[in-house]
Amino acid sequence: MKKLLFFSGAKGGTGKTTLALNTAVLLAYHWRDAAHYPVVYLDLTPSLGTGALLLVGDIIGAWGRPSLSDFLAGQLAEPLRAFYLRRWTTEKGPFQIVFAYMARDAPLTKRHLSLILDTVERRLRPRLVIIDMPPVAAGESPAAGAVDYVVPVVTPDASAIETTKTFTEVLGAPRLRPVLNMYIPDYPVSAVHAAPWVKVVQDAFGEEPHVIPYDKLLQAARQALEIEVLKLKPTESPGVKAIIEYARYLSTRLA
Amino acid sequence: MRRELGLLLNLASFVILAAGNLWVAAPLYAASIALLLIPQKVKKEEKKEEVRKEPTPDEIKRRPVAAPEI
């Protein structure tokens with residue numbers, strides 16, 4: 001079981017949830033015959049993260065069910081009781097993803113995260129656990145030392161790139177190809193650095209980033225509370241096309 | 001149509017000339033040449049630009065789930 005964390009340092013709104021959830025769904029479909037539960041998606045955002053909300057399908061549906069918050073608060077002995085299965089039927093057959101979320105705010109420690117990940121590995125035996133964590137200050141992340149790989153997700157924003165770079169060093173896990181999200185080709189150059197954004201990100205992380213262009217259709221799908229790769233075609237959405245390319249890279253890198 | 005009419009006038013002008021009526025044949029000949037040699041103004045058909053309609057959130061909601069192939 002590989003553990004992969006999408007993060008953006010202390011910055012929110014970089015699109016890491018969109019990337020984490022969509023790649024989780026793409027890889028769950030891609031590996032559907034390789035394991036019963038190929039991908040587990042952990043949304044560790046307090047008070048119901050967007051990723052979990054999209055998987056549950058509606059806000060009301062998440063209320064009243066056991067969640068990881070109950071486990072963290074000591075009200076649930078077995079963390080697996082807070083895990084759910086989302087299944088889709090497509091024209092090419094069904095596939096599923098296992099997910100868990102935090103319905104309310106509760107302190108997540110390294111020990112808790114380690115217990116949750118151990119349980120997942122022992123009981124579900126997935127190929128991959130994708131962790132989507134909210135922005136936290138460097139040094140405070142319970143994910144430090146607990147994951148196998150990290151994916152920095154940044155936007156064309158000088159401060160976002162700087163804080164995410166610092167955070168990458170703190171996490172200590174091997175870094176996969178960074179992602180430059182919401183890139184607008186009409187504004188390719190950073191006025192602060194007097195250099196192209198791609199070069200700025202490359203200089204910060206030591207590798208050329210995977211570029212995901214800004215795409216209005218991703219926003220439209222989000223308004224519809226739908227997972228983008230399940231409803232938009234890569235031919236109509238450059239954002240979805242770029243996400244699929246990144247999932248393809250991950251499937252090779254994590255195989 | 002324009003070409004056919006030009007050829008017809010041209011032929012007619014020679015027939016009339018052969019009949020000995022130069023004053024009628026000459027303008028007919030000139031008219032046929034005009035029809036045959038002056039290029040026709042081609043009306044450029046305005047290509048209707050296909051307006052790419054982006055789906056609205058509501059339309060996306062109603063779409064069926066597609067297999068997310070990598």
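Because the structure is predicted, anything quoted here is derived from the model rather than measured. Per chain, numbering begins at 1; letters A, B, ... match sequence-line order.
Contact record, B/Pro64 with A/Lys231: O-CD, 3.8 Å, taken as the closest heavy-atom pair. Minimum interatomic distance between A/Glu91 and B/Ala67 (heavy atoms only, all atoms of both residues): OE1-N, 3.3 Å.
Using a 4.5 Å cut-off between heavy atoms, B/Pro55 touches chain A through backbone and side chain atoms alike. Heavy atoms closer than 4.5 Å to chain B are found nowhere in A/Ile227, neither backbone nor side chain. Neither the backbone nor the side chain of A/Ile243 has a heavy atom closer than 4.5 Å to any heavy atom of chain B. For chain A, no part of B/Glu59 is nearby; none of its heavy atoms comes within less than 4.5 Å.
No more than 12 heavy atoms of other residues, nucleotides or ligands lie within 6.0 Å of CD1 in A/Ile60, so this atom counts as exposed by the packing criterion. Within 6.0 Å of atom CZ in B/Arg3, 12 or fewer heavy atoms from other residues, nucleotides or ligands are found, so the atom counts as exposed in its surroundings. Heavy-atom neighbours of B/Tyr29 OH from other residues, nucleotides or ligands within 6.0 Å: at or below the threshold of 12. By the neighbour-count criterion of 12 heavy atoms within 6.0 Å, atom CZ of A/Arg125 is sparsely surrounded, having that number or fewer from other residues, nucleotides or ligands.
For the atom pair CH2 of A/Trp31 and CD1 of B/Ile70, the computed distance is 7.5 Å after rounding to the nearest 0.5 Å.
With respect to chain B, the highest number of heavy-atom pairs below 4.5 Å among A/Leu217, A/Val229, A/Leu225, A/Leu26 belongs to A/Leu26. With chain B as partner, the option from A/Ala220, A/Ala28, A/Ala221 having the largest number of non-hydrogen pairs under 4.5 angstrom is A/Ala220.
Counting heavy atoms from C-beta outward, B/Pro68 and A/Phe95 have side chains that approach closer than 4.5 Å.
Results of the salt bridge (Lys or Arg N to Asp or Glu O under 4.0 Å) test with A/Glu226 over B/Arg62, B/Lys61, B/Arg63 single out B/Lys61 as the only residue that passes.
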Query raised in the report: Are B/Ile60 and A/Leu232 close enough, and set up right, to give a side-chain contact (heavy atoms from CB on, under 4.5 Å), and what steps lead you there?
Result: CA-CA 8 Å; B/Ile60 291 171; A/Leu232 297 173; 3.8 Å; yes
